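Worksheet: one structure, shown below.
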Amino acid sequence: MANVPEKPTLDGIEARWIERWEQDGTYHFDRTARRDQVFAIDTPPPTVSGSLHIGHVFSYTQTDTTARFQRMRGKAVFYPMGWDDNGLATIRRVQNVYGVRCDPSLPFDADFAPGDEPFDPPVAVSRPNFLALCERLIAEDEVLFEESWRRLGLSVDWSYLYRTIEPRCTRVSQRAFLRNLARGEAYQAEAPTLWDVDFRTAVAQAELEDRERPGAYHTLAFHRAGDDGDVLIETTRPELLAACVALVCHPSDARYAPLVGTNVRTPLFDVEVPVVAHPLAEPDKGTGVAMICTFGDTTDVTWWRELDLPIRAIVGRDGRIVADPPHGIDSAPGRAAFAELAGKTIRQAQQRIIELLRDRGELLGEALPITHPVKFYERGERPLEIVTSRQWYIRNGGREPELREALVARGQEIAWHPEFMVHRYESWVGGLTGDWLISRQQPFGVPFPVWYAIDDDGEVDYAHLLFPPEDQLPIDPSTDVPDGYTEDQRGKPGGFTGDPDVMDTWATSSLTPEIGGRWEDDPDLFARVFPMDLRPQAHDIIRTWLFATVVRAHFEFGTIPWKNAAISGWILDPDRKKMSKSKGNVVTPMPLFEQYGTDAVRYWATSGRLGTDAAFSEDQIKIGRRLATKLLNVTRFVLGFPEPPAGAQATDPLDRAMLARLAGVVAAAADDFESYDHARALERVESFFWWFCDDYVELVKSRAYGARGPDGAASAGVALREALATLQLLFAPFLPFVTDEVWSWWHDGSVHGERWPDASALGTGEPVDDTGLELTSVVLAQVRRAKTSAKVSQRAAVDRVAVRGPADHLAALAIGLADLQEAGSIREVTTEPGEGPLEVLIVLSDGA
RNA sequence: GGGCGUAUAGCUCAGUUGGUUAGAGCGCCACCUUGACUCGGUGGAGGUCCGCCGUUCGAGUCGGCGUACGCCCACCA
């Protein structure tokens, strides 16, 4: 019945099995399953790009082993996939691939077509043209992207594939936003926000990172009234002097106490500003007095807000000094100085103002060079500025202690794997300084489903919002028209205008459980999968994706979005540096799949534990390859023994002991999986497997061929096959291709449609003492050692093996002696009771 | 500044509630072409378990102090 190939091979098996699984619906989600029979996974939708990254392989394969295990446990596994294609990553890619930039003021050009090469210099295109290019590039990318993902052998149900920009996801995103708005969880505000001058968009606290940058302290002289002399301050940003609205010192700083409440005049611009006190000012920094500008950093924002200071904004959204001086700069010399700076970039303005100040003697001493951390948008190239703008926010506890506590508590409801990762969540939520800024001033993304009425004077009335009913979603306010209006009223007095912004990508991806589960579109499905069982993701996006998802579920459903969070580590290169495109040390998995087979790469990936960064190791992949090859060969070998008669059982004590040991592995590996420790499960199974191949199969092969009669052969044959089938099942979550390959040689149907083995059904199911098995291995090793030392073949004959040791050990060992004799080509085996540890005397035939 | 994690063989890492001489794989060395596997098999060498102090009959494991590395959060005039 077995159909074993003459020369088994791993080459090319992926394509065959991927096609077969797709045809047979092997990973099809049974949506009739009750909620308690479902295991739902909130798969991270990867950002669409040209290719798969080795880090993807690492984390997604780990999740896949859990999905496969749960499926084998009888769960209906809901394992959707999605592509995240609506973010800045897509915009950047379109800009680079086609050499274009979006200029919303341009009209649509129906004849526009990109060239084969990117335009250089970049060409400005209209928003509709830009969006068309986004769609086009995404469509091209996603074909190849999906192909490479399928090659990984994930057991996802591809019929649930989604793209975050598609209408259905846009609808989910807009609906959730409108509900947040209706409940007061989302709001609009005009406020200072961190701003990327290259992307020309606001960015959220979660997307910041500090980078060390060179800078310098410059000492500036502010002037007191009359002849009271100067007040000196140090600043790294003299170019913001025109934006200065006050000086600040610590309330307890006696040196400056007399100054507080008085006014001083700024150098160069001669603007009168007050000296104020605030606890955030640090006496031992600089001179102890700092200038407050609107806005140099987030501390300035705090001071400005808490001290109720005026605003003098001088940095435009393009990162240049604005054309007109802010109010307060009234003197002719002051205005002249400002004119020198207007239109310059920050760098240029800094250079120029230093010259101007020095010429006037208001810059003292030499600049003191320093290195200091500067805030950047994580994808950006220039430091962030702070500009005042109208933005949308979702409350996240950053300004409300009660909400913050509630969200911390939600995080603690989740079972984290590993547990300590909850600390990252807690420290992030605990450190929030403001609400979640979700609007972005970008051409491509999910639009805010909001219009504003325009009053009779032509002013936009931001307090007068117009919404679409939910059943009209998704909408684009730049082309759709609110109820009660007509298109020709767009932008007119008494008419309306659409909100120009789009949502940040996290505002949509924070809804992946709702998107994947078809919230509101398919209530029956949603009820079966939400809240989900598992969110797998990497630790760097706990503060963004994970937290945001918790916020949305908390508001919409009053629940956590999933019971478990499995946090994977990162891939480091072999020198333990983080892999990144800029370092040029990125490994692409496709060539590895080709060279070693997907299973081999999966072996490496699943050897990694959750929460632990792992070094990329081609050696580990080679070991995986060896394992897969061994599975092919041992299957071929075992299936080549005479088939035991129907109804035969494993009766030989050695066989029963082996099966009992295997039963222990089955149970322990299941426990490992239940506690999200796939790597330990693999280690356990693998360890048994090599012992099985190296010792057990070697011990019983002669008997299996009939050397000790038909009963012994039948017992060995049964045990070998039971163990082989069990091992194939145990490896199935890790090595899906080779296990289905070897399974198919002697079974109908896929191994991935089978149940996890029943430990109690192995052998007779009765407990068996493992000592005999262990001792047999020990004596076998001694015999091998004797032959190796004598530099003879393992096949060489042995005259006599004499074992001396405690009676209970000898009794246990008795189950293996006959097979040992065959396996070792031993003429005579004797045992003798004695004290102390087991001693083995081996007499080789040559007298060696 | 606060927090989390890691430290075991040349390398990558296991080591569960404390329990004989601390394990695996790779690499290295030697040997064997033994009924499937040379992408194979057998064996060997190789360790002050980061340091110090403590608890204990007993510590790689528990506690304290420290060191190194990585990360998170905060600060950043």
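Quick caveat, the model's predicted, so the values are computed rather than measured. In what follows, every chain begins at residue 1, and chains take the letters A, B, ... in the order their sequences are listed.
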Rounded off to whole Å, could you give me the CZ-to-P distance for the A:Phe692 and B:rC37 pair? 17 Å
Under the side-chain contact (heavy atoms from CB on, under 4.5 Å) test against A:Thr266, which residue among A:Val245, A:Leu220, A:Leu247, A:Val271 passes? A:Val271
Spacing of the C1' atoms in B:rU56 and B:rG60 (rounded, Å): 16 Å
Pairwise P distance, B:rG58 and B:rU67 [rounded to whole Å]: 29 Å
B:rU16 base to A:Arg680 side chain: any donor-acceptor pair below 3.5 Å? yes
Write down the partner of B:rG66 under the Watson-Crick or G-U wobble criteria, each distance required to be under 3.5 Å. B:rC50
Hey, is the side chain of A:Glu686 pairing donor to acceptor with the base of B:rA14 inside 3.5 Å? no
For the side chain of A:Asp210 and the base of B:rC75, is some donor closer than 3.5 Å to an acceptor across the two? yes
Please work out if A:Gly431 contacts a base, only the sugar-phosphate, or nothing of the nucleic acid, heavy-atom cut-off 4.0 Å. sugar-phosphate
Of the options A:Asp799, A:Val798, A:Ile826, which is the one that meets A:Leu844 in a side-chain contact (heavy atoms from CB on, under 4.5 Å)? A:Val798
Separation between the P atoms of B:rG1 and B:rC75, rounded to whole Å: 16 Å
Has the side chain of A:Arg424 got a donor or acceptor that lies under 3.5 Å from a partner of the other kind on the base of B:rC4? no
A:Asp540 has an atom CG; how far is it from atom C1' of B:rG5, in whole Å? 16 Å
Rounded to the nearest angstrom, tell me the gap between atom CD1 in A:Ile571 and atom C1' in B:rU12. 13 Å
Determine the interatomic distance between P on B:rC50 and the same-named atom on B:rG15; round to the nearest Å. 14 Å
Nucleotide B:rC4, atom P - distance to CZ of A:Arg543 in whole Å: 20 Å
A:Tyr425 OH to B:rC4 C1', in whole Å, measures 17 Å
Taking atom C1' in both B:rU48 and B:rU8, what distance in whole Å separates the two? 12 Å
Atom C1', compared across B:rU61 and B:rG41: separation rounded to whole Å: 36 Å
Listed nucleotide nearest any side-chain atom of A:Lys285, set B:rA30, B:rA77, B:rG44: B:rA77
For A:His417 and A:Tyr676, take the angle between the two ring planes, folded into 0 to 90°, and tell me which bin it lands in: parallel under 30, tilted 30 to 60, perpendicular over 60. parallel
When rounded to whole Å, the CG to C1' distance for the pair A:Asp619 and B:rC13 reads 13 Å
Protein-nucleotide distance (A:Phe222, atom CZ; B:rA77, atom P), rounded to Å: 15 Å
Determine the Euclidean distance between corresponding P atoms of B:rU16 and B:rC62; express it in Å to zero decimal places. 9 Å
Roughly how many Å apart are B:rU33 and B:rG19, using the P atom of each and rounding to a whole number? 43 Å
Where does the angle between the aromatic ring planes of A:Trp570 and A:His539 fall among parallel (under 30°), tilted (30 to 60°) and perpendicular (over 60°)? tilted
